[in-house]
Amino acid sequence: MKKIRQAVFNDYLLILFGSALVGLSYNLFLLPARLAAGGVSGISTIIYEIYGLNPAYVQWLINIPLFILAVILAGKEFSMKSLVGTLFVPFTIWVTGGFDLGVENPLLSSIYGGILLGVGLGIVYRGNGSTGGTALVAQILKKFTGVSSGFAQLIVDGAVVLTSAFVFDFELALFALMSIYVTSKVIDFVQLRTSPQKLVLIITEREEEVRAIIRDEIDRGLTKVRVTGGHSNRERTMILCVAEQSEAVYLKKMLNEKEPASFVIFVNASEIMGHGFSKERIYE
């Protein structure tokens, strides 16, 4: 029970932190450059340009019916977490309304605003929440279609940006589309929690020697798989090992020195779960 409460508490912390980043991306980059980068924030940018209404108030008003939709379609737990993001993003925009970095260049704003927005949304999604608005619609789309969060966000926000082209000039709409693309990629990057670890694949006929190098030099576990060469038709052993980046560099040096005949592949590992990485290391 204690672990469950801690997990829920951590989710809400992620949602609050991510929502703050979303609000900052809007005030620091998107609004000053007049980029309607999709979603309710994009709609509020258009309304601000035409009527001068405070974007925070506009986002609160638009999000109310969307939140009711979330209660109906996504369930109580998801909706309660979405309520936190729905309220906190406009609150951040309202509180930081006077912040000004002086960045109005649409290219810089589309890139850095997209990055900050993507990081914020990715963190919120890791907390199983939403920031309301069309981000909530994107999460519902993901739930019922199975597409990634980033691609769902791209579909929903793209429609808003195309509409904004009729209010702003076409060039700003193109910059907004660039921002949305950056955001979608960063969202998926953050959700995967891409790590610096390496998956090392070693095909060798001297498995005991390779095992000794991995055990004695970098103190990592390994898995052995029997494989057959497609050309030679000879059986060999493929050893799988996951190592930190610095360990992988050192392992490469040791293999070059002691086992130069081994066939070695280093692969980027997007996320590692288990003892020695996400859990405490154990020895058997």
Side-chain angles (χ1 to χ4, degrees), residues 15-16 18-74 78-97 109-110 113-114 116-125 129-143 149-150 152-168 172-173 175-177 179-184 186-187:
I15 293 169
L16 288 172
S19 297
L21 294 182
V22 171
L24 285 173
S25 72
Y26 181 80
N27 268 349
L28 298 181
F29 297 105
L30 301 180
L31 185 61
R34 300 164 66 221
L35 296 180
V40 171
S41 65
I43 297 172
S44 65
T45 300
I46 295 172
I47 294 176
Y48 178 77
E49 179 73 15
I50 298 174
Y51 301 108
L53 297 179
N54 189 308
Y57 300 149
V58 172
Q59 291 186 33
W60 272 319
L61 290 174
I62 295 176
N63 277 326
I64 291 174
L66 289 175
F67 180 75
I68 295 173
L69 178 65
V71 174
I72 298 172
L73 297 180
F78 181 83
S79 298
M80 288 305 298
K81 290 181 177 179
S82 297
L83 178 62
V84 175
T86 299
L87 296 177
F88 202 71
V89 170
F91 177 75
T92 302
I93 293 172
W94 179 67
V95 169
T96 62
S109 295
S110 65
L116 189 59
L117 178 59
V119 171
L121 288 175
I123 292 173
V124 170
Y125 293 162
S130 170
T131 57
T134 55
L136 178 58
V137 176
Q139 284 295 85
I140 295 173
L141 182 62
K142 173 192 173 185
K143 179 176 181 180
S149 297
Q153 195 73 44
L154 185 62
I155 293 173
V156 175
D157 288 347
V160 176
V161 173
L162 290 177
T163 304
S164 75
F166 294 97
V167 176
F168 301 104
L172 285 177
F175 279 118
L177 282 173
S179 179
I180 289 174
Y181 179 78
V182 172
T183 298
S184 70
V186 174
I187 287 172

Please assess Leu116 against Leu24 for the test side chain to side chain contact (heavy atoms under 4.5 Å, CB included), listing each intermediate value before the final yes or no.
-> CA-CA 8 Å; Leu116 189 59; Leu24 285 173; 4.2 Å; yes
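- With rounding to the nearest 0.5 Å, the separation of CG in Leu21 from CG in Leu117 is 9.5 Å.
- Expressed to the nearest 0.5 Å, how far CG of Asn63 lies from CG of Leu83 amounts to 10.0 Å.
- For the pair Leu177/Tyr181, no side-chain contact is recorded, criterion being any heavy-atom separation below 4.5 Å from C-beta on.
- We find the CD1-CG distance between Ile187 and Leu121 to be 4.5 Å, quoted to the nearest 0.5 Å.
- The closest donor-acceptor contact from the side chain of Ser19 to the backbone of Leu16 lies at 3.5 Å or more, if one exists at all.
- With contacts defined as side-chain heavy-atom distances shorter than 4.5 Å, the pair Thr45/Leu30 does not qualify.
- Looking at heavy atoms from C-beta onward, Thr131 lies out of side-chain contact with Phe88 at the 4.5 angstrom threshold.
- Between the side chains of Thr96 and Asn27, at least one donor N or O sits under 3.5 Å from an acceptor N or O.
- Taking the side chain as every heavy atom from C-beta outward, Val182 and Ser179 never approach each other to under 4.5 Å.
- Remark: Leu35 CG to Phe168 CZ distance equals 8.5 Å, nearest 0.5 Å.
- By the 4.5 Å heavy-atom criterion applied to side chains, Tyr26 and Ser44 are counted as neighbours.
- Residues Trp94 and Asn54 are in side-chain contact: their nearest non-hydrogen atoms beyond the backbone lie under 4.5 Å apart.
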